[in-house]
Amino acid sequence: MDLPAPLQWTEHVLFSLLLAVVVRSYVLYGLTGVLKDLVKFLRLLPGVDTLIQFILAREVQTFMNKVSATPVDSEPVKKAVEIPEKGCSAEELLQDMAELKALETVTEDGKVFAYVYTMEDEHAKTLRKAFDMFNDPTGYDGNDKPSARENVVNQFAHTFLHENALSPMVFPALRKMETEVISMVATMLNGDSRCSGSLTTGGTESILMAVKCYRDRARELMPHITEPEIVAPITIHPAFEKAAEYFNLTVCHAPLKPDFTVDLAAFEKLIGKNTVMLAASAPQYPYGIVDPIEDVGRLATKHNLPFHVDGCFGGFMLPWVEKLGYPVPPFDFRVQGVTSVSADVHKYGFGLKGSSVVVYKSSEIRRHQIFAYSSWPGGLFGSPGFSGTRPGANIAASWAALRSLGEDGYMQKAEQLMKTTLAMEEGVDSIQGLSIVGKPAMTAFAIMSTENSGIDILALADAMEARDWHMERQQLPNTLHCTIMPHHIGREMVFINDLTESADEVRGKASLSSKGTAGMYGMVAKIPDRAVVDEFILQFFDKAYKL
Ligand SMILES: *Cc1c(COP(=O)(O)O)cnc(C)c1O
């Protein structure tokens with residue numbers, strides 16, 4: 001074939017380049033190097049990558065069917081699972097439990113060589129007793145005796161206590177329950193069936209995973225960024241700072257306006273050429289205020305950036321508060337620009353400690369969360385989250401908690417908790433010199449002292465502690481945080497009376513500011529160098545975790 005002169009010339013250059021590359025990799029890495037380069041080269045040709053992806057998907061399906069104890073569904077998109085409208089009865093759930101347990105690989109017959117180190121012996125009985133003692137489910141429902149629901153959650157934890165979700169194939173029921181919990185959370189947050197996510201050990205891990213995910217996404221899509229940044233309000237949870245420290249990013253914090261909502265103009269100014277993700281909270285922990293998710297969503301769309309909504313606190317509360325008719329600004333997947341949301345099962349999901357969910361808008365995003373390592377002599381290794389071994393008890397308990405409460409159960413709790421919260425807020429506002437910080441959206445608020453009230457809020461905390469309350473002190477500015485939980489229901493008046501008494505006690509007594517813990521917090525607040533305070537925290541923890 002006669003090519004026109006310029007093409008002949010180009011062909012010549014391309015061929016020489018290819019030859020140079022092949023010779024180089026042969027010299028450096030031998031034949032495998034040449035093969036690697038050949039594959040890289042082939043993948044550049046149109047259609048080849050699609051073909052490889054197609055073959056891979058088929059191989060993964062075959063592989064899963066070979067290694068799984070039960071057939072694996074090959075439907076590309078399965079129907080989403082929702083939290084049932086009415087909570088399931090204990091009997092119904094125990095029947096499910098028996099069926100699910102029957103799916104699992106039996107380890108007691110001694111044919112499994114990994115994952116489970118314990119067995120059903122006397123020792124396990126001791127473990128179960130200890131587990132029950134420290135996972136006392138009473139209190140979640142605000143009663144002294146565990147309800148049928150609480151018993152069911154505990155029975156699920158017991159039944160799957162020894163199981164390990166390290167491999168998704170050995171315990172198919174764990175996999176089913178985990179994917180269903182994720183789906184129930186996704187639908188609760190108005191995500192569609194393309195959503196995918198992970199069940200993690202808590203809000204912190206959910207956030208760490210989202211940050212890692214977007215960092216690695218940026219590495220692929222924005223390789224020029226070497227110093228990745230997150231833009232978020234100053235009230236965002238420290239888990240983001242922790243993630244940034246662990247994974248080498250920087251959090252750029254936007255300040256608040258006098259009404260305690262984030263300064264959106266300042267937020268947008270922080271978005272720059274190094275930004276890899278935006279984050280905001282629904283609601284933020286300190287004041288229970290929902291960040292302007294729609295506005296941040298608009299910025300995310302405008303700047304083509306992913307946006308994580310930290311719903312660790314409110315993910316399992318805001319949906320019901322909204323359905324009850326209270327004003328809740330849009331905060332979930334309905335908002336354009338939101339690419340992921342986290343929600344803690346072990347907070348208002350009323351599951352056992354050690355469970356949270358992070359949901360992404362699609363598997364293409366979640367892909368960057370998963371760790372893969374194919375060169376270990378111990379086998380092909382992969383893991384979705386921080387932990388390797390993952391306890392089955394939590395997965396089972398989470399599944400049972402969501403199904404046994406059901407939407408009606410969650411609504412009922414939300415209704416009671418909102419009534420209690422509003423009564424407490426009203427009580428606080430009625431006390432001279434005290435007020436609620438900003439406009440909280442759900443079952444949490446902060447108390448501050450008004451200007452010239454003569455009340456030092458930290459001295460007020462000390463006065464409350466003298467009355468046996470455990471107060472949560474906040475700083476910059478000093479406030480007191482209250483999260484309202486089922487054990488507060490019916491205790492509104494005790495709280496308001498004690499708060500009124502305490503306020504009367506400290507009002508006008510400036511000397512109290514230098515006494516007790518108020519004095520200590522006051523002193524710490526005055527230290528100009530925060531590094532010194534950080535060192536204080538390090539030494540505190542060093543001492544706290546010594547025998
Ligand atoms: C609790 C909380 C977290 C962290 O969750 P953990 O379960 O404590 O790790 C993150 N964000 C918000 C808003 C929270 O309230």
Of all heavy-atom pairs linking S404 and V153, the shortest is OG-CG2, 4.4 Å
Is there a donor-acceptor contact under 3.5 Å linking the side chains of E229 and T250? no
Could you tell me whether the side chains of S198 and Y360 share a donor-acceptor contact shorter than 3.5 Å? no
Could you check whether the rings of F156 and W399 sit parallel, tilted or perpendicular, using 30° and 60° as the cut-offs? tilted
Flag, side chain of K212 to backbone of I207, donor-acceptor distance under 3.5 Å: no
More than 12 foreign heavy atoms under 6.0 Å from CG of D468: is that the case here? no
What are the two closest non-hydrogen atoms of G337 and T301, and how far apart are they? CA-OG1, 3.7 Å
Could K323 and E407 be called an ion pair, given the rule that one side-chain N must be under 4.0 Å from one carboxylate O? yes
Run the side-chain contact (heavy atoms from CB on, under 4.5 Å) check on S398 and V181 step by step: do they pass? CA-CA 7 Å; S398 300; V181 167; 4.3 Å; yes
Say you draw a straight line from CG of N478 to OG of S449; how long is it, rounded to the nearest 0.5 Å? 8.0 Å
Judged by atom type as modelled, is there a donor-acceptor pair below 3.5 Å linking the side chain of D542 to the main-chain atoms of L538? no
Donor-acceptor pair, R366 side chain versus G197 backbone, under 3.5 Å? yes
In terms of ring plane angle, is the pair F350 and Y348 parallel, tilted or perpendicular, where the classes change at 30° and 60°? perpendicular
Chi angles and distances behind the salt bridge (Lys or Arg N to Asp or Glu O under 4.0 Å) call for E505, R467: CA-CA 12 Å; E505 192 177 300; R467 289 168 176 76; 2.6 Å; yes
Quick check for you: to the nearest 0.5 Å, what is the distance between N497 atom CG and T500 atom OG1? 6.0 Å
For residues S196 and I182, determine if any side-chain heavy atom of one lies less than 4.5 Å from a side-chain heavy atom of the other. no
Below 4.0 angstrom, N of the basic side chain to O of the carboxylate: do R390 and E178 qualify? yes
Do you know which of V338, D291, L189 makes side-chain contact (heavy atoms from CB on, under 4.5 Å) with F331? L189
Between the side chain of S362 and the main-chain N/O of C195, is any donor-acceptor distance below 3.5 Å? no
Should we count OH of Y521 as having more than 12 external heavy atoms under 6.0 Å? no
Do you know the tightest heavy-atom contact between D310 and S342? OD1-OG, 3.5 Å
Under 3.5 Å: donor-acceptor pair, side chain of E294, backbone of P330: no
Nearest 0.5 Å, please: how far is CG in L460 from CE in M448? 13.5 Å
Would you check if there is a donor-acceptor pair between the side chains of H481 and T483 at a distance under 3.5 Å? yes
Got a donor-acceptor contact below 3.5 angstrom from the S183 side chain to the V81 backbone? yes
If you define the side chain from C-beta out and look only at heavy atoms, does anything of D429 sit under 4.5 Å from L434? no
From the options T200, D344, T201, select the one residue that forms a side-chain hydrogen bond (donor to acceptor under 3.5 Å, both in side chains) with S206. T200
Looking at side-chain heavy atoms only, is the closest gap between P292 and V262 below 4.5 Å? yes
Could you check whether any side-chain heavy atom of R403 comes within less than 4.5 Å of a side-chain heavy atom of L93, counting everything from C-beta outward? yes
Salt bridge present between R473 and E465 (N-O < 4.0 angstrom): yes
Output for pair (E415 CD, T420 OG1), nearest 0.5 Å, gives 10.5 Å
Indicate whether any N or O donor in one side chain lies under 3.5 Å from an N or O acceptor in the other, for T517 and D462. yes
Compare every heavy atom of A441 with every heavy atom of L318, then report the nearest pair and how far apart it is. CD2-CB, 4.3 Å
Can you tell whether the side chains of K302 and E268 come within less than 4.0 Å, N to carboxylate O? yes
Would T339 and H308 count as having a side-chain donor-acceptor pair, cut-off 3.5 Å? no
All heavy atoms of V296 vs all of L278, minimum pair found to be O-CD1, 4.0 Å
Run I230 and R215 through side-chain contact (heavy atoms from CB on, under 4.5 Å) and show every step you take. CA-CA 9 Å; I230 306 166; R215 183 202 64 177; over 6 Å; no
Of D263, T235, L476, the residue whose pairing with L256 passes side-chain contact (heavy atoms from CB on, under 4.5 Å): T235
So, does Y410 use its side chain to make a donor-acceptor pair with the main chain of G349 at under 3.5 Å? yes
Expected list for residues 236-249: side-chain donor-acceptor pairs under 3.5 angstrom, two or more places apart:
residue : atom : partner : partner atom : Å
H237    : ND1  : A239    : N            : 2.9

Any side-chain heavy-atom pair from T421 and E425 closer than 4.5 angstrom? yes
Taking everything shown except D529 itself, do over 12 heavy atoms lie less than 6.0 Å from its CG? yes
Assess, by modelled atom type and distance only, whether the side chains of Q474 and T479 contain a donor and an acceptor separated by less than 3.5 Å. yes
Kindly say whether F386 contributes a backbone atom to a donor-acceptor pair with the side chain of E205 at under 3.5 angstrom? yes
Would you sort out whether E85 and D408 count as a side-chain contact (heavy atoms from CB on, under 4.5 Å), showing the intermediate values? CA-CA 6 Å; E85 236 167 81; D408 59 337; over 6 Å; no
With a 4.5 Å cut-off on side-chain heavy atoms, are L305 and Y214 touching? no
ring-ring contact (aromatic ring centres under 6.0 Å, His included) partners for F313, two or more places apart: Y285
Are R334 and E322 within salt-bridge range, i.e. N to O under 4.0 Å? yes
Value rounded to 0.5 Å, distance of CD in Q432 from CZ in R507: 5.0 Å
Quick check against the 3.5 Å criterion: does E492 have a side-chain atom that pairs as donor or acceptor with the backbone of G490? yes
Would you say NZ of K269 has more than 12 non-hydrogen atoms from neighbouring residues, nucleotides or ligands within 6.0 angstrom? no
Using a 3.5 Å distance criterion without hydrogens, assess whether the side chain of D456 forms a donor-acceptor pair with backbone atoms of L512. no
Rounded to the nearest 0.5 Å, how far does CD of Q416 lie from NZ of K419? 8.0 Å
